[in-house]
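Side-chain atoms are counted along with the backbone in the values below, which use heavy atoms only and exclude waters and symmetry mates. Convention: sequence-line order gives letters A, B, ...; per-chain numbering from 1.
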2 protein chains.
Amino acid sequence: MTKARVTVIDIAKAAGVSKSTVSLVLQGSSLVNEGTRSKVNAVMRELGYVYNRGAANLRQAGAKSRIIGVVVNDLTNSFFAELAVGVDMVVQSAGFVQFLSNTSESIDRQREVVASMREHGISGLIVSPARATDAADFKPLVAAGIPVVVVVRNLPGAKVSSIVSDNRAGMMSAVKHLAGLGHKRIAFLGGFPDTAVFDDRLAGYRSGMEAAGLDYHQELVVSSAPSRAGGVEAIGKALVLTDRPTAAVCFNDAVAFGVCDGLRARRLEPGSDFAVVGFDDVIEAQAAVPALTTVSVDPQGIGRRGAQMLLKQISAGKAEAETVTTAVRLVVRESCGAGMSVKIKQDSV
Amino acid sequence: MTKARVTVIDIAKAAGVSKSTVSLVLQGSSLVNEGTRSKVNAVMRELGYVYNRGAANLRQAGAKSRIIGVVVNDLTNSFFAELAVGVDMVVQSAGFVQFLSNTSESIDRQREVVASMREHGISGLIVSPARATDAADFKPLVAAGIPVVVVVRNLPGAKVSSIVSDNRAGMMSAVKHLAGLGHKRIAFLGGFPDTAVFDDRLAGYRSGMEAAGLDYHQELVVSSAPSRAGGVEAIGKALVLTDRPTAAVCFNDAVAFGVCDGLRARRLEPGSDFAVVGFDDVIEAQAAVPALTTVSVDPQGIGRRGAQMLLKQISAGKAEAETVTTAVRLVVRESCGAGMSVKIKQDSV
DNA sequence: TTAAATATTTGGAACGTTCCAATTCTGTCA
DNA sequence: TGACAGAATTGGAACGTTCCAAATATTTAA
């Protein structure tokens, strides 16, 4: 059953050449004679040779494992699944393979996973860090010359490359859109205030309000868990305000869905009675009823971009930390009140 | 920048012992003196030692890489993302890491990916094969003593373990449920007829009809792509039948969503005017309007189960091919006409 | 106090590859 | 024909670990 592995030496013997020659063939060297090459290849096929990257990697002693580590904080979220697919695309076509792990927002698990990947000799790492990740956590990696690209959530203070979507501009355009529909009291709902992403989106909200000539009211921003349940909670608080909002931008789509739930529970129809805009454009956003108006961030694109950046750093051998923010765009669907917009505008004219 | 790797020899030297002793410590052998062990550990921490699994694996020459390959045909589909998460859970807690790749239904890519994984010395493989995968494709792997577990789609003829959900029973219960609501003409919509999964589900449909004492009509089964678009197409064909169906079981949830779209396009409300039942219970199913009645298959559970099975085979060293079908359960929500059911039943009493 | 038993440690020799320096072929030119 | 350049090939010596058999240190029993 457990057949002895067929090695480069076996095939050398069978082909009547030396192991060095076989090795040369393996790496496609131009030094080897055409005839020899094809004979060796034939023998390899015949004996069912499989290349042992571990051994090769051992000798080459460098960052040549051709393995890319990918660590995400929540693979169940289709946003991150898409991201992983994007990474896989470019990584695969560059002849690398991807180690993928899920941390479920646990920093401990993240640490384990990263350590394990390191032991396996990854050539680079793409990570969407778990909440509250210490910026210094990836220090040893970069010190060892392993490029790291942080995506989605940035890690202020860490000297690594990162790709984040333009949270500020996205939220700003959402607010401006709502203002353009005639809304004056626009709430910002959901999200944990201690994260960089929250700060960016909130800043976008403020700029948007300002640009639309609307006042910023502290009570209109109500934070909560960035989840569906959090959305329900947030809209609940917002609706008891003496001067009720008529629209809301939400921290993300999950919150937005929760907000819709909460509205319905109070006999308000999202879209016609209250405008809601999400952020992320997850797959469910367009299938939902009403279809969610949201800021689309193209996670697959981020994945591809991050992978490209990482590969570039790997081949350059130099980890020049760069930060890019990717463009986002507002996708207008129904939840912002496409129909209602006309009515409001007529009223105000 | 590129620091010299610190090896077991370095730490041996620094700790004043031999490399063999360090190695013993590394594998937690009970042979080594407690004092020595802690000294060695201290030095390791101090010098920032990182274990080189490649080298270890090379020596151990066996299936001890602690890498599990996971290959899915469509990671964008949240069903498979969930599955991967399930695998990751058990694999990770057993101290393995997961190589994950996506084939996007391409057999070529699947071949590449599997070959690459093999070169990296995976200890085992979990795969949801791309459509039209040749059963013999995994022969070399098992011949080399690498356990393979096929999930979701089975590969008739391949001598590997597999886990599939109980497609037959699931579809049967769906049909029986609809029949119980008073429906007589129940269609089977969507799916490609050349797949094993299709055959199973169709068989379940037939048994269900039979059990309910309903006739099987060839024209009531209309196949199509197993996608949303396919669903639209299928319901279109079904509605022009002279003797229209009043309900449908669908190949999967995507088809079911398409069927709902198609119904609405014809001014029919899914649920009240026409009952539809899906299969898979993807995340969107419960958030949709109307919430989809569907057969829940717990992809994460399949992932966990598959991983356990694989790990068992790995540790046993023996690949006893076993096939398990996991239980499914019908989740009744709105799209089968929860409200309508009462009415129909009253009518028929 | 010594032999036997047990606990601990230790040098090599692998594992399968790549790299280097050196060697053996070719054919060409004088 | 001999010398020489280039093309093609080749035998070790790594790489960082584990394993084995053997050596050494420490106890225990008599």
Side-chain angles (χ1 to χ4, degrees), chain A residues 2-41 43-44 47-67 118-121 123 144, chain B residues 2-41 43-44 47-67 118-123 144-145:
Chain A
T2 318
K3 302 201 170 178
R5 216 183 213 299
V6 18
T7 84
V8 98
I9 297 192
D10 297 321
I11 85 114
K13 216 165 288 177
V17 294
S18 79
K19 60 181 169 36
S20 306
T21 304
V22 177
S23 173
L24 256 13
V25 171
L26 244 20
Q27 24 200 330
S29 163
S30 59
L31 287 179
V32 48
N33 181 291
E34 200 43 60
T36 315
R37 178 198 309 286
S38 56
K39 188 203 299 189
V40 168
N41 277 323
V43 175
M44 288 205 290
L47 297 189
Y49 170 75
V50 341
Y51 185 68
N52 184 334
R53 249 171 230 281
N57 189 43
L58 179 56
R59 185 54 173 86
Q60 293 177 158
K64 302 206 63 189
S65 71
R66 315 231 94 191
I67 300 178
R118 196 162 169 217
E119 292 184 355
H120 281 286
S123 313
Chain B
T2 318
K3 302 200 170 180
R5 220 184 208 301
V6 18
T7 84
V8 98
I9 298 194
D10 296 322
I11 85 114
K13 215 165 289 176
V17 295
S18 79
K19 59 181 168 33
S20 306
T21 304
V22 177
S23 172
L24 255 13
V25 171
L26 244 19
Q27 22 200 330
S29 162
S30 60
L31 286 180
V32 47
N33 181 292
E34 198 43 59
T36 316
R37 177 199 310 287
S38 56
K39 189 202 301 187
V40 168
N41 278 325
V43 175
M44 289 206 287
L47 297 190
Y49 170 74
V50 340
Y51 186 67
N52 185 333
R53 249 171 231 282
N57 188 42
L58 179 56
R59 185 54 174 85
Q60 295 177 158
K64 302 206 65 191
S65 73
R66 317 231 92 191
I67 301 179
R118 199 165 166 213
E119 291 184 355
H120 282 286
I122 53 171
S123 314

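Regarding contacts with the backbone of dG16(D), every side-chain N or O of Thr7(B) stays at 4.0 angstrom or more from both OP1 and OP2. Distances shorter than 4.0 Å separate none of the side-chain N or O atoms of Gln27(B) from OP1 or OP2 on dT17(D). At dT9(D), none of the side-chain N or O atoms of Ser18(A) fall inside 4.0 Å of OP1 or OP2 (strictly under the cut-off).
Rounded to whole Å, atom P of dC25(C) lies 22 Å from atom CD of Glu34(A). Straight-line distance from the CG atom of Leu31(A) to the C1' atom of dG6(D): 11 Å, rounded to whole Å. Arg37(A) has its CZ atom 15 Å from the P atom of dA7(D), to the nearest Å. In this structure, Glu119(A) places its CD atom 13 Å from C1' of dT17(D), rounding to the nearest Å. The NZ-P distance, from Lys13(A) to dT9(D), rounds to 19 Å in whole Å. One interatomic measurement links the two molecules: CZ of Arg53(B) to C1' of dC15(D), which rounds to 18 Å at whole-angstrom precision. Rounded to whole Å, the distance from CZ on Arg5(B) to P on dG16(D) is 7 Å. For Tyr51(A) and dC15(C), the OH to P distance is 18 Å, given to the nearest whole Å.
If Ser20(B) and Gly54(B) are placed on DNA chain D by their nearest nucleotide, the residue sitting closer to the 5' end is Gly54(B). If Asn33(B) and Ala55(B) are placed on DNA chain C by their nearest nucleotide, the residue sitting closer to the 5' end is Asn33(B).
The base of dT17(C) does not come close enough to the side chain of Arg59(A) for any donor and acceptor atom to sit less than 3.5 Å apart.
Comparing dT17(D), dG12(D), dT9(D) against the side chain of Lys19(A) picks out dG12(D) as the nearest. Residue Gln60(A) places its side chain closer to dT18(C) than to any other of dT10(D), dT9(D), dT18(C). The Ala56(A) side chain lies nearest to dT17(C) when the options are dT17(C), dT18(D), dT10(C). With dC15(D), dT10(C), dT17(D) as the candidates, the nucleotide lying closest to the side chain of Leu24(B) is dT10(C).
Within 4.0 Å of Thr21(B), counting heavy atoms only, lies at least one base atom of the nucleic acid.
Side-chain contact check for Asn52(B) versus Arg5(B): some heavy-atom pair is nearer than 4.5 Å.
Atom OG1 of Thr21(B) sits about 9.5 Å away from atom CD1 of Ile11(B), to the nearest 0.5 Å. Taken to the nearest 0.5 Å, the CG atom of Asn41(A) stands 8.5 Å off from the CG atom of Leu26(A).
Arg37(B) contributes no side-chain N or O that, together with a main-chain N or O of Gly28(B), makes up a donor-acceptor pair within less than 3.5 Å.
Considering all non-hydrogen atoms of both residues, Val6(A) and Tyr49(A) come closest at O-CD1, 3.3 Å.
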